There are 2 protein chains.
Amino acid sequence: MGRTDDSGRADAPEPESPEPAPPEPGSPEPAQAEPAPPDSAQAEPAGVPTMFDVARRAGVSHQTVSRVLNDLTGVAASTKLRVEQAIAELNYTPSPAARAMAKRRSGSIGLIQAGRPDYGPSSAALGFNEAARAAGFTVSQTSMRTLDADTLTQAVHRLALQRVEAIVLISGEREAVEVLRGIQAGLPLVAVASEDEPGTHRVSLDQYAGARLATEHLIGLGHREIRQVAGPSDSMDAAERRRGFADAIREHGLVLHDPIVGDWMPPSGHAAGELLRTDPEMTAVFVSNDQMSLGLLAAFRSAGLLVPEDVSVIGFDDIPEAAYFAPPLTTMRQDFDGLGRDIMATVLDVLRDEPTAPDRTARVPELVVRESTAPPRTAAP
Amino acid sequence: MGRTDDSGRADAPEPESPEPAPPEPGSPEPAQAEPAPPDSAQAEPAGVPTMFDVARRAGVSHQTVSRVLNDLTGVAASTKLRVEQAIAELNYTPSPAARAMAKRRSGSIGLIQAGRPDYGPSSAALGFNEAARAAGFTVSQTSMRTLDADTLTQAVHRLALQRVEAIVLISGEREAVEVLRGIQAGLPLVAVASEDEPGTHRVSLDQYAGARLATEHLIGLGHREIRQVAGPSDSMDAAERRRGFADAIREHGLVLHDPIVGDWMPPSGHAAGELLRTDPEMTAVFVSNDQMSLGLLAAFRSAGLLVPEDVSVIGFDDIPEAAYFAPPLTTMRQDFDGLGRDIMATVLDVLRDEPTAPDRTARVPELVVRESTAPPRTAAP
DNA sequence: AAGCAAGATGTTAGCGCTAACGAAGCCGAG
DNA sequence: CTCGGCTTCGTTAGCGCTAACATCTTGCTT
């Protein structure tokens with residue numbers, strides 16, 4: 001399959017080539033309707049330059065160009081320089097498709113983001129994206145609003161037939177992770193999951209510890225009747241936070257009530273607030289995320305309950321808005337960005353077939369005290 | 001960790017084949033050292049099945065398989081059936097790299113998302129992502145926190161050498177769009193931009209109309225001394241909202257004050273509130289987005305200013321939290337999802353070399369009246 | 001019955017790159 | 001000097017697919 005080239009080819013290292021300035025690509029002239037065809041001799045080819053074009057210009061073989069490109073040894077310094085210059089002049093960039101084909105590696109990893117575009121997941125995705133780029137990977141993203149099994153399965157398949165080298169799932173739903181695990185796409189799967197999910201590589205922030213910390217803050221303030229607004233039952237993060245809360249409560253010998261279950265969104269927090277405001281004993285509430293806290297705060301406000309005078313409220317996440325709630329919300333700050341980086345680090349480990357560093361799943365949220373928590377009335381009459 | 005899976009592999013229909021399940025790709029079997037080489041005849045090849053494997057199994061040429069795959073005419077129904085069955089049995093999927101190479105089209109489009117992961121951009125990205133998928137495109141995403149020229153330029157180049165067919169920029173910064181335009185990547189550029197940017201295909205929501213509507217709502221309520229908290233000066237959306245506000249004010253013969261400029265985030269809204277609360281005339285504020293409104297509300301609250309009794313506040317965007325602010329925020333709802341779809345539609349137009357449908361840049365935000373706006377005291381004493 | 005247009009398939013080239021090997025040129029050792 | 005052993009480079013095959021064409025069947029027309 002002799003590509004037509006040659007023409008002037010071969011040993012023509014002519015440094016004094018008649019055309020000093022290359023046609024300057026960069027703009028593959030999409031409009032340009034084949035205007036310069038009959039130049040038989042050594043004119044630069046029309047389309048995007050290939051490795052052969054570079055080779056000809058540098059007076060070497062395409063293989064040498066490849067060597068320079070892949071930074072392999074065995075290329076004389078002077079030759080390397082010539083090649084690099086030719087590359088620069090032609091503004092050449094290797095075709096990823098061809099490279100993927102020859103190498104049998106796409107160099108891209110698939111990201112599935114399921115659910116609402118919330119602050120946490122979005123930030124984690126951003127961090128992951130930057131980390132992936134730094135590692136030389138391309139990320140092919142598939143977002144979806146819903147996270148039903150069907151859509152998810154399709155997403156994985158789509159990504160799989162794109163030959164991504166691994167799939168990352170950002171979505172705390174237990175079901176999503178399970179669906180993924182069931183699919184067996186035949187390629188590494190890394191999911192954000194705070195519970196242990198056999199068969200899947202997982203990464204997460206330490207939700208359990210965060211919840212304990214939050215609860216202990218409340219207890220330390222003197223609260224004894226603490227209620228809980230939890231996240232949806234199929235969220236692993238919600239479960240972990242619930243567990244952390246429960247353990248802290250029990251360890252301090254307090255009474256553990258059933259949590260009110262919300263869906264992470266403000267309306268459900270509001271509903272929870274409506275329920276809770278009639279509770280005469282309660283002096284503090286641990287809300288599983290900031291958005292629900294906002295709703296809860298609104299409900300308390302309209303019921304005439306003062307925060308933190310009548311009741312303390314602590315959230316989770318520390319979204320950018322939290323500091324401006326009424327009152328400014330005490331909450332647990334999470335390092336989503338770090339999570340994103342951890343995800344990529346795990347992907348790299350898996351791809352290299354190394355065991356995942358265990359300490360990577362341990363970023364503990366940090367308590368940010370603002371004005372929504374205070375000692376209970378009874379403790380400071 | 002070569003996922004040992006397969007075992008039960010499911011689907012694999014052919015029960016009589018010597019080796020029922022293909023070795024299951026994805027794991028390029030690094031360990032498997034060529035165990036089955038001498039099978040000259042018709043044994044299934046080791047790696048991922050190719051078009052030739054399908055062809056052999058169906059007893060046709062690979063070209064016929066290609067025809068079936070690409071849904072071309074000229075294939076007998078019976079043959080087509082056989083091929084499809086072989087495809088299913090082998091669990092074959094075409095290699096995108098090979099296809100991209102032969103077709104000289106990557107089938108993917110690049111998405112650059114610059115800036116914080118805010119609700120609006122994230123939602124638009126989600127909508128775009130879904131639309132792209134529906135159109136059969138893959139989206140390669142590059143997110144970044146900052147949007148300086150350097151990072152942006154790099155992002156474009158990275159995408160360009162990935163051979164994406166078009167680049168989409170979601171980020172309202174004027175400078176970002178200009179940088180992009182300056183780069184001349186040689187491929188179509190579609191940006192979210194509410195101002196007219198020569199040389200770039202643009203899509204946007206009708207910020208101007210939205211701002212007018214918001215302002216007119218205030219005026220209609222009887223307000224005469226309306227102040228404005230604008231977005232950053234290099235945001236095109238901010239400029240358009242500012243223009244809409246100004247025009248509405250002028251047309252009603254009211255006095256136009258210089259806006260206070262914020263940066264979209266709650267703290268800047270808070271700072272604006274601090275400034276504004278000393279203004280004795282003011283009875284209403286048009287804040288350019290909901291997050292700044294939150295900060296402003298907090299400042300007014302701590303200053304003892306009642307909203308809406310003392311001063312009305314209207315925001316912009318209608319983020320999910322807005323309904324639970326104190327008080328619930330009147331604001332302009334934007335169809336970010338629709339914007340995302342519009343972006344993809346425009347990309348498609350550009351790729352097909354058709355002029356962009358002009359009415360696509362015209363989604364007008366919708367007024368959502370809640371409790372932060374009311375007639376001024378003087379109008380209803 | 002011969003002729004011929006479709007219709008249905010197969011063959012042959014690439015697409016642009018990497019992998020594996022092979023061929024020079026240059027060195028000091030024997 | 002002559003021969004192995006480097007280093008440096010070139011050649012030859014694919015990777016898995018699509019695009020043109022070439023080829024072989026059919027079914028009808030005349």
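Given the structure is predicted, the values throughout are model-derived calculations rather than measurements. Excluded from the calculations below are hydrogen atoms, water molecules and symmetry mates; all remaining heavy atoms, backbone and side chain alike, are included. Reminder, nothing fancy here: chain letters follow the sequence lines and each chain counts from 1.
Comparing D:dC17, C:dG16, D:dG10 by their nearest atom to the side chain of B:P94 picks out D:dC17. The listed nucleotides are D:dT11, D:dC15, D:dC9; the one nearest the side chain of A:H62 is D:dT11. If you check C:dC17, C:dG10, D:dG10 against the side chain of A:V60, the one that comes closest is D:dG10. Relative to the side chain of B:R99, the nucleotides C:dG10, C:dG16, D:dT18 differ in distance, and D:dT18 lies closest. Distance from the side chain of A:Q63 is smallest to C:dA19 among D:dC17, C:dG16, C:dA19. Each of C:dG10, D:dC15, D:dC9 was ranked by its minimum atom distance to the side chain of A:A76; first place goes to D:dC9.
Protein atom CE of B:M51 is 14 Å distant from nucleotide atom P of D:dC15, rounded to whole Å. Taking atom CZ of residue A:R56 and atom P of nucleotide D:dG10, one finds them 14 Å apart after rounding to whole Å. Between the P atom of C:dG16 and the CZ atom of B:R105 lies a distance of 16 Å, rounded to the nearest Å. Going from atom CZ of A:F52 over to atom P of C:dT18 covers 11 Å, rounded to whole Å. Rounded to whole Å, atom C1' of C:dG16 lies 14 Å from atom CD1 of A:I87. Rounded to an integer number of Å, the gap from CG of A:L72 to C1' of C:dA19 is 10 Å. Distance B:R67 CZ to D:dA19 C1': 10 Å, rounded to the nearest Å. Taking atom CZ of A:R104 as the reference point, atom C1' of C:dC17 lies 13 Å away to the nearest angstrom.
Nucleotides of DNA chain C nearest to A:K103 and B:G59 differ in position, and the one nearer the 5' end is that of B:G59. Judged by closest nucleotide on DNA chain C, B:S78 is the one of B:S78 and B:M101 placed further toward the 5' end.
The main-chain N or O of B:R202 is never found under 3.5 Å from a side-chain atom of B:T200 such that the two would form a donor-acceptor pair. A distance-only check finds a donor-acceptor pair linking the side chain of B:E130 to the backbone of A:R145 [under 3.5 Å]. Remark: the backbone N or O of A:G107 is paired with a side-chain donor or acceptor of A:E165 at under 3.5 angstrom. At distances below 3.5 Å, not a single donor-acceptor pair connects side-chain atoms of A:Q113 with backbone N or O atoms of A:I170. In this structure a side-chain-to-backbone donor-acceptor pair under 3.5 Å is present from A:T50 to A:F52.
OP1 and OP2 of D:dC15 both lie 4.0 Å or more from every side-chain N or O belonging to B:T50. Taking side-chain N and O atoms only, B:T79 has a distance below 4.0 Å to OP1 or OP2 of C:dT9. In this model, the phosphate group of C:dG16 is not approached by any side-chain N or O of A:S95 to a distance below 4.0 Å at OP1 or OP2. For the OP1/OP2 pair of C:dG10 and a distance below 4.0 Å, the side-chain nitrogens and oxygens of B:T64 include at least one atom meeting the criterion.
No side-chain N or O of B:T138 forms a donor-acceptor pair with one of B:R133 less than 3.5 Å apart.
Among the protein residues, B:T73 comes within range of no part of the nucleic acid, since none of its heavy atoms lies under 4.0 Å from any strand.
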Show me the donor-acceptor pairs within less than 3.5 Å that the side chains of residues 146-155 of chain A make with the rest of the protein, sequence neighbours left out.
unit_1: A:T146; atom_1: OG1; unit_2: A:D148; atom_2: OD1; d: 2.8
unit_1: A:D148; atom_1: OD1; unit_2: A:T151; atom_2: OG1; d: 2.5
unit_1: A:D148; atom_1: OD2; unit_2: A:T151; atom_2: N; d: 3.2
unit_1: A:D148; atom_1: OD2; unit_2: A:T151; atom_2: OG1; d: 2.8
unit_1: A:T153; atom_1: OG1; unit_2: A:A149; atom_2: O; d: 2.6

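Terminal axes of the helix from C:dA1-D:dT30 to C:dG30-D:dC1 (five pairs each, C1' rotation axis) are separated by 60°, to the nearest 10°.
Ion pairing of A:D71 with A:K80 is present here, as a side-chain N (NZ or NE/NH1/NH2) and a carboxylate O approach within less than 4.0 Å.
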